[in-house]
J.: 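Would you mind keeping the following structure in view while I ask a few things?
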Amino acid sequence: MNARNLDLESQLSRKAYYDRIGVDSMTPLWEVLGALVPHKPKSPAISHVWKYADVRDRVMEAGTLISAAEAERRVLILENPALRGQSCITQSLYAGLQLIMPGEVAPAHRHTQSALRLVLDGEGAYTAVDGERTTMRRGDFIITPAWTWHDHGNLGDRPVVWLDGLDIPIVRFLDAGFAEKSDSEYQAVARPEGDALARYGSNMVPVDFHQQPAEPTKVFVYPWDRTLASLKAIANSAPDPHFGHKQRYINPATGRSPMPTMAAFSQLIPAGFETRPYRCTDGTVYVCLSGGAEATVEGKTLRLDENDVMVVPSWHSHQFRAGPETVLFSYSDRPVQQALGLWREHRI
Ligand code: GTQ
């Protein structure tokens with residue numbers, strides 16, 4: 001409604017009416033319809049970059065203030081600057097930087113929220129998912145599907161930092177959060193390292209294995225060396241104008257995303273290449289794994305160097321200009337939007 005075209009008397013009588021119906025917990029749709037049913041997505045989130053070089057010291061400082069055991073998870077949440085206090089980086093996604101110091105254990109628990117990890121800094125840590133440990137190496141993409149037991153430890157002599165991506169806001173929105181702590185700090189090792197990858201992630205599955213489409217993959221680590229080898233091998237071909245060379249991580253048994261609520265991607269942009277502007281309805285978190293690039297998001301220029309984390313909200317047009325050859329990891333809620341028939345993209 002355009003109140004400016006309304007005489008004062010009408011304005012006052014409407015306001016009085018709104019106050020009267022407010023007593024019965026009602027409010028007029030016509031005052032909010034435009035916001036409820038927007039012409040196009042108008043995310044309250046904004047684009048932003050967390051420069052790892054700037055925040056690394058802050059993360060390390062947490063290591064002197066609280067132990068992983070006391071914190072349960074020692075994480076600095078990356079809050080969208082326009083959504084402070086809501087523990088989210090977009091309306092639907094959570095991101096955080098988790099620190100584990102040498103000798104520490106982040107105790108075993110499980111929850112209905114799904115988690116992904118992207119290892120950024122340090123070495124010697126492991127994460128265990130449903131009885132199998134995997135060593136965390138920089139660039140490894142690791143998942144903890146909903147309701148799987150997981151604990152993290154650091155057997156090395158250096159602090160280790162990774163990016164956590166969770167669907168916390170989605171589960172919160174649905175009021176479907178459950179969690180429980182294990183009686184033991186860490187899970188007993190049930191299978192040797194590499195078991196899940198060998199069984200489910202090597203272009204084969206056990207002969208009698210059949211998955212429902214919505215089930216998460218049993219492959220819980222996508223090692224960086226394999227990802228990089230794939231990207232390098234395809235980088236000889238012509239790059240896509242909007243993406244460079246972009247691959248989507250999948251559940252190899254179904255071809256769908258590794259987990260039902262979050263998609264993840266790896267992308268190589270050749271040295272000097274500029275991608276054309278692109279927008280999609282899934283707000284996306286990008287991490288620069290190697291090289292460096294300039295991103296332009298709705299006219300705003302953001303600089304991306306190694307380990308920097310950038311958020312691009314829904315329907316924000318963005319493009320990248322790579323300096324040297326650049327590899328970006330990203331994740332979003334795309335599978336949720338696709339399952340609901342909501343997802344749209346625009347290759348500008
Ligand atoms: O590692 O289990 O960043 O439960 C937030 C919640 C990490 C985890 C987070 C979690 C975890």
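Only heavy atoms go into these numbers, but all of them, side chains included; no hydrogens, no water, no symmetry mates. Whatever order the structure lists them in is the order used to number ligands and atoms, beginning at 1.
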J.: Could you identify the single nearest non-hydrogen protein atom to atom 7 (C) of ligand 1 and state the distance to 0.1 Å?
T.: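 Checking every protein heavy atom, the shortest distance to atom 7 (C) of ligand 1 gives Asp164 OD2, 3.2 Å.
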J.: Tell me: protein heavy atom nearest atom 8 (C) of ligand 1, and distance?
T.: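 I find the closest protein heavy atom is Arg73 NE, 3.0 Å.
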J.: Output all residues satisfying ring-ring contact (aromatic ring centres under 6.0 Å, His included) with His346, sequence neighbours left out; order by chain, then residue number.
T.: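 Counting only residues at least two positions away or on another chain, His346 forms no ring-ring contact (aromatic ring centres under 6.0 Å, His included).
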J.: What class does the angle between the rings of Tyr286 and His318 fall in, given that below 30° is parallel, 30 to 60° is tilted and above 60° is perpendicular?
T.: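 Because their plane-to-plane angle is over 60°, the rings of Tyr286 and His318 count as perpendicular.
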J.: In terms of side-chain geometry, is the basic nitrogen of Asp305 or Arg303 positioned less than 4.0 Å from the acidic oxygen of its partner?
T.: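 Judged by the 4.0 Å cut-off on N to carboxylate O distance, Asp305 and Arg303 do form a salt bridge.
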J.: Could a heavy atom of Glu72 be found less than 4.0 Å from some atom of ligand 1?
T.: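 Per 4.0 Å heavy-atom rule, Glu72 does not contact ligand 1.
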J.: Give me the one residue out of Leu78, Ile77, Asp164, Asn307 that meets side-chain contact (heavy atoms from CB on, under 4.5 Å) with Leu97.
T.: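 So, applying the side-chain contact (heavy atoms from CB on, under 4.5 Å) to Leu97 and each of Leu78, Ile77, Asp164, Asn307, only Leu78 qualifies.
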J.: Show which atoms of ligand 1 fall inside a sub-4.0 Å distance from at least one heavy-atom site of His109.
T.: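 Every atom of ligand 1 under 4.0 Å from some heavy atom of His109: 2 (O), 4 (O), 8 (C).
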J.: Any atoms of ligand 1 less than 4.0 Å from a non-hydrogen atom of Val75? List them with their elements.
T.: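 Listed by number with element: 3 (O).
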J.: Specify whether His109 and His111 have parallel, tilted or perpendicular ring planes, treating 30° as the upper limit for parallel and 60° as the lower limit for perpendicular.
T.: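 Aromatic pair His109/His111 classed perpendicular.
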J.: As an exercise, identify every atom of ligand 1 less than 4.0 angstrom from a heavy atom of His111.
T.: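 Those of ligand 1 that fall under 4.0 Å from His111 are 2 (O), 4 (O), 10 (C).
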J.: Is any NZ, NE, NH1 or NH2 atom of the basic residue among Glu325 and Lys232 found under 4.0 Å from an Asp or Glu carboxylate oxygen of the other?
T.: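 Looking at Lys232 together with Glu325, the answer is yes, because their closest N to O distance falls below 4.0 Å.
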J.: Pull out every atom of ligand 1 sitting under 4.0 Å from any heavy atom of Leu166, numbered as shown with elements.
T.: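 Counting from 1, the qualifying ligand atoms are 3 (O), 5 (C), 6 (C), 9 (C).
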J.: Check ligand 1 against His152 and write out every atom of the ligand that is under 4.0 Å from a heavy-atom position of the residue.
T.: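 Those qualifying, in numeric order: 1 (O), 8 (C).
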J.: Heavy-atom contacts with Gln98 under 4.0 Å: which atoms of ligand 1 show up? List them by number with element.
T.: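 Checking each atom against Gln98, I get 1 (O), 7 (C).
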J.: Just need the protein heavy atom nearest to atom 5 (C) of ligand 1, so name the residue and atom and give the distance.
T.: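 The answer is Tyr94 OH, 3.5 Å.
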J.: With Thr217, which of Pro252, Ser257, Pro145 fulfils side-chain contact (heavy atoms from CB on, under 4.5 Å)?
T.: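 The single option meeting the side-chain contact (heavy atoms from CB on, under 4.5 Å) with Thr217 is Pro252.
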J.: Please state which part of Arg117 comes within less than 4.0 Å of ligand 1, counting heavy atoms only: side chain, backbone, both or neither.
T.: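 Arg117 to ligand 1: side-chain contact only, backbone stays beyond 4.0 Å.
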J.: Which ILVMFWY residues can you reach from Phe178 by hopping between side chains whose heavy atoms are under 4.5 Å apart?
T.: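 So far as hydrophobic clustering goes, Phe178 is joined with Trp147.
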